[in-house]
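Note on naming: letters A, B, ... go to the chains in the order of the sequence lines (proteins, then strands), and numbering restarts at 1 for each one.
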Amino acid sequence: MTRRLLVRIILDILIAVSILQGWWVIALLFGLFGVWYFPYFIEIIAAGIVYDSLFNHVLGMGLRSHSGLIVSVIIFAVVAWGKGVVRK
Amino acid sequence: MTYLQTNTNRTRGRQTRIVALSFLCGIVLIAAVVFIVPHFFSALFTSIARPFWRSEFSILSGSLHSPDQLLRENEDLKRQVADADVRLETIQSVEMENNELKAILGRASTTPYVLAAVLVRPPAAVYDEFIIDAGADHNFAVGNTAYAPGNVLIGEIVDVQSQTSKVRLFSSPGQRYEVRIGTAHTPATAIGRGGGQYRAELPRDVKVAEGDFVTIPSLTAKPFGIVTSVVSDPTQPFETILFAPSVNVYEVRWMLVDTKVKM
């Protein structure tokens with residue numbers, strides 16, 4: 001197993017534990033690091049979906065019940081664009 | 001000298017298109033599942049997370065403490081129970097008298113409460129929500145009222161899974177609830193500020209003081225909160241009343257749910 005893959009797995013575990021505990025700020029920080037450091041870090045989008053499923057899905061909340069998914073998709077898209085610009 | 005031309009740009013472009021297409025297909029699939037089966041992901045991930053939350057609750061409840069520590073805690077709790085028994089006898093006699101009077105008036109009621117453990121509480125859960133350890137298996141329904149220990153009304157059930165439920169506090173930002181404030185039972189609308197805090201506005205000439213009780217307009221007049229601050233500006237016709245329940249919502253570990261009442 002390469003070192004990079006091992007770091008990615010550890011980061012995924014840390015994000016999963018943070019999401020389970022409801023520490024969305026810590027999960028967000030790990031996710032930001034991962035989405036910048038690794039290519040195609042879709043774990044951040046999965047984390048957003050899981051967080052919404054656990055804590056946010058309440059009928060009548062509208063878009064707020066999908067805030068995790070929306071924020072993670074925005075971060076993924078913006079950082080992917082930023083990486084493309086910076087690393088050209 | 002000729003060089004072999006490699007189509008790296010074309011290959012990279014095709015790769016990016018494939019990734020973008022896969023990403024879009026994934027999003028569409030997830031949206032379709034959420035639309036067709038709204039509780040699918042919620043039920044799936046809650047059932048995965050529930051054993052971890054239960055384990056954490058057990059650990060915090062003392063299952064990993066040493067035997068000496070547990071024995072000491074047991075003795076302390078026995079002493080507290082003995083003290084509480086004495087107080088309970090007095091309360092029970094008053095309750096009995098209260099029920100007899102209500103029965104005379106034709107409004108006697110018994111409300112069975114279901115005890116549920118709090119698995120996740122604010123600030124871990126956003127929007128002032130609790131996740132409790134009981135759901136459809138205990139006949140919970142959306143709209144059932146939830147009480148903190150001490151019979152303090154704090155929220156209502158907004159989502160029910162098979163073994164867990166979500167309780168949203170009335171203090172959730174933007175929530176409104178009709179209350180009565182002070183000894184004169186002045187009607188007002190309480191607006192949630194989050195974290196178990198509420199505010200209401202009353203005319204300046206209404207006499208409200210810190211420590212006054214806030215109740216809900218029902219027959220049993222259960223406690224809803226205690227006035228913590230009265231912000232009055234002589235130039236304004238209204239004063240702002242800040243109040244909160246007598247329990248700290250961040251420390252609630254058990255909750256009572258009234259399955260007979262629906263908001």
Novice: Taking atom CD1 of B/Ile191 as the centre, does the number of heavy atoms from other residues, nucleotides or ligands within less than 6.0 Å exceed 12?
Specialist: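 Yes, because the 6.0 Å sphere around CD1 of B/Ile191 holds more than 12 heavy atoms from other groups.
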Novice: Give me the atom names and distance for the closest heavy-atom approach of B/Ser42 to A/Ser53.
Specialist: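 Residues B/Ser42 and A/Ser53, closest heavy atoms: OG-O, 3.0 Å.
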Novice: Would you mind reporting whether B/Ile131 and A/Phe55 have side-chain heavy atoms less than 4.5 Å apart?
Specialist: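 A/Phe55 vs B/Ile131: side chains touch.
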Novice: Should we count CZ of B/Phe52 as having more than 12 external heavy atoms under 6.0 Å?
Specialist: no
Novice: Taking atom CZ as the centre, does B/Arg253 end up with more than 12 heavy-atom neighbours from other residues, nucleotides or ligands that are less than 6.0 angstrom away?
Specialist: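 Result for CZ/B/Arg253: enclosed.
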Novice: Considering only heavy atoms from C-beta outward, does the side chain of B/Phe45 approach that of A/Ile49 to under 4.5 Å?
Specialist: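 When only atoms from C-beta onward are counted, A/Ile49 and B/Phe45 do touch, with a gap below 4.5 Å.
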Novice: Which bit of B/Ile48 is near chain A, if near means a heavy-atom gap under 4.5 Å: side chain, backbone, both or neither?
Specialist: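 B/Ile48 has no heavy atom closer than 4.5 Å to chain A.
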Novice: Would you give the length of the straight line joining atom NZ of B/Lys166 to atom CG of A/Leu54, rounded to the nearest 0.5 angstrom?
Specialist: 7.5 Å
Novice: Name the region of A/Ile45, side chain, backbone, both or neither, that has any atom closer than 4.5 Å to a heavy atom of chain B.
Specialist: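 For A/Ile45, the contact with chain B is made by the side chain alone.
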Novice: Does B/Arg199 have more than 12 heavy atoms from other residues, nucleotides or ligands lying within 6.0 Å of its CZ?
Specialist: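 Incorrect, the count does not exceed 12.
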Novice: For residues A/Leu20 and B/Trp53, report the shortest heavy-atom separation together with the two atoms involved.
Specialist: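 Heavy atoms of A/Leu20 and B/Trp53 come nearest at O-NE1, 2.8 Å.
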